[in-house]
Amino acid sequence: MAESVGTRNATQAPPCTVVIFGATGDLTARLLMPAIYNLSRTGLLSQNFALVGLGRTQQSDDAFRQSQTDAMKRFVASGDHGGTPNPLDEKAWDFIASRTSYMSGDLADAATYQELSKKLDQISAKNGTKGNVLFYLAVAAQMFGPIIDQLGAAGLAEEKDGYWRRVIIEKPFGTDLDSAKALNTRVLKVLNENQVYRMDHFLGKETVQNIMALRFANGIFEPLWNRDHIDHVQITVAETVSVEHRAAFYEQTGAMRDMVPNHVFQLVSLTAMEPPNSFDPDAVRTEKSKALQAIEPFDDDALRRNVVRGQYAGGTVRGEAVPAYRNAEGVAPDSMTETFVAMRLNIDTWRWAGVPFYLRTGKSMGRRTTQIAIQFKGAPLALFRDTAVDNISPNVLVLQIQPDEGVSLQFSAKRPGPEIHLGGVKMDFRYKDYFNAAPATGYETLVYDCMVGDPTLFQRADSVEAGWSVVQPIFDMWKNDRSAPLEFYPAGSAGPEGSDQMLWRSGRAWRSLD
Ligand code: BG6
């Protein structure tokens with residue numbers, strides 16, 4: 001079994017310089033540098049590679065390299081890269097460190113970009129990076145527009161003489177439909193769509209990518225994947241973490257903006273999309289967008305019946321007492337921010353008409369689990385009419401995204417014995433039993449894909465806007481109707497009662513989080 005870091009082929013990335021805006025931040029040290037290190041460890045970086053960290057802090061190249069080396073040691077020692085703790089691979093890290101420099105500057109000042117331009121020319125001449133540059137915006141969202149304007153003004157976004165310029169933009173891409181549209185317009189004034197890589201880190205997860213493999217590389221699932229056989233779909237993204245030290249961000253954001261139009265909708269679109277004509281990036285992204293565009297818009301009735309928002313009250317999560325959200329530091333005592341949201345979507349296509357998609361996501365819930373459960377329609381009961389069988393558990397295909405990554409199929413089997421009694425059993429596939437995957441943060445694939453110019457796993461402008469369009473009526477309702485309910489749920493539970501009732505109304509129930 002070959003070791004892999006999640007990149008789909010093992011050819012080396014082309015020469016390039018990676019410029020990280022926000023180089024002294026948490027994201028860089030915790031995810032980005034470790035991903036680049038993992039690419040180096042597995043030989044996927046070009047020998048002609050260079051990295052420039054850009055930040056406001058004044059410091060020397062050496063000081064920046066040292067801080068990143070310290071962070072990297074903590075990272076590999078902690079096993080946070082997804083594997084067992086192991087020592088730093090000095091050779092792989094030195095390769096990066098020796099090609100890393102730092103530049104301080106005001107990101108809103110044109111002079112910074114003039115200096116960066118000169119620096120990139122020097123690096124290209126020295127390191128043979130051929131003028132290719134990947135700009136990574138690991139900065140606060142309000143800086144995305146200004147940085148891209150400045151890249152354009154300084155000529156840094158221009159592709160000529162055979163070299164490429166690409167920009168990875170982190171989440172959040174807008175805070176609602178209008179702001180996302182405005183940002184797309186601003187970005188696309190400077191860059192062509194094929195230079196823009198809008199990040200959703202869920203797409204870096206192996207198990208999320210596996211949804212397409214499961215559906216389209218196997219003959220047995222697709223014939224069942226429709227309204228004739230599927231009763232409903234449940235998508236759960238439950239987290240045990242509370243708001244912790246992120247109150248300032250979370251108060252402005254809430255569970256809906258933070259998770260739904262981006263991460264949760266990735267899962268919806270990959271589950272609901274039609275098979276693409278090919279694995280060409282645009283063929284795939286077009287089908288994903290179409291799935292989101294087919295979501296039935298929420299009207300007043302659907303807003304009342306099919307959307308539930310919740311906020312955690314005090315409780316216990318994994319044995320630890322968790323204070324109510326409203327008592328967390330930095331949270332307003334009468335905060336209406338939702339830490340949980342559940343909704344029912346209808347997807348208006350021939351494949352999905354009449355098949356509800358139920359979604360829920362929340363913080364401080366009883367268990368951390370991200371899963372897609374496809375619940376199939378029941379079998380005809382005739383065969384068991386005169387037996388003791390009164391209840392047949394449904395067939396459920398569960399794509400377990402994290403943790404315990406895998407796929408399981410639940411079905412009924414006869415219990416041994418003279419009478420017909422059925423029991424629910426499971427066929428279980430666990431990734432770790434089959435594949436010897438190397439430790440990875442999930443960012444490796446995405447950074448590598450950008451280097452090789454494959455945008456399949458990045459969001460196109462239309463799908464970002466399609467996602468915001470679906471949830472915009474919900475934001476409008478919460479803003480305009482102060483009486484729109486906010487339900488409380490004990491920390492450590494599966495969410496508020498209204499979320500259960502939404503399914504009970506149609507004779508269904510959420511799967512247990514355990
Ligand atoms: C982030 C959200 O985008 O995704 C966080 O801002 C959330 O609130 C996180 O916890 C979840 O990602 P993961 O990879 O930990 O499941």
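Ligands are counted one by one from 1 in listed order, and the atoms in each one are counted from 1 as well. Side chains included, hydrogens not; waters and symmetry mates left out as well; all remaining heavy atoms used. Just so you know, these numbers come straight off a predicted model, no measurement behind them. Position 1 is the first residue of the sequence, and the numbers go up from there.
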Exercise. Could you note down all residue pairs passing salt bridge (charged side-chain N to carboxylate O under 4.0 Å, His left out) where residues 327-343 supplies at least one of them, sequence neighbours left out?
Key: none
Self-check item: Pair Trp352 and Phe357, ring centroids less than 6.0 Å apart
Solution: yes
Quiz item: Taking the side chain as C-beta and beyond, is there a heavy-atom pair between Thr369 and Leu513 under 4.5 Å?
Solution: yes
Quiz item: Between the main-chain N or O of Asp404 and the side-chain N or O of Arg430, is there a donor-acceptor pair closer than 3.5 Å?
Solution: yes
Quiz item: Can Arg198 and Glu193 be counted as an ion pair, charged N to O under 4.0 angstrom?
Solution: yes
Quiz item: Are Gln371 and Arg511 linked by a side-chain donor-acceptor pair shorter than 3.5 Å?
Solution: yes
Exercise. Give the protein residues with at least one non-hydrogen atom closer than 4.0 Å to an atom of ligand 1, ordered by chain and number.
Key: Lys171, His201, Phe202, Lys205, Glu239, Arg246, Asp258, Met259, His263, Lys363, Gln402
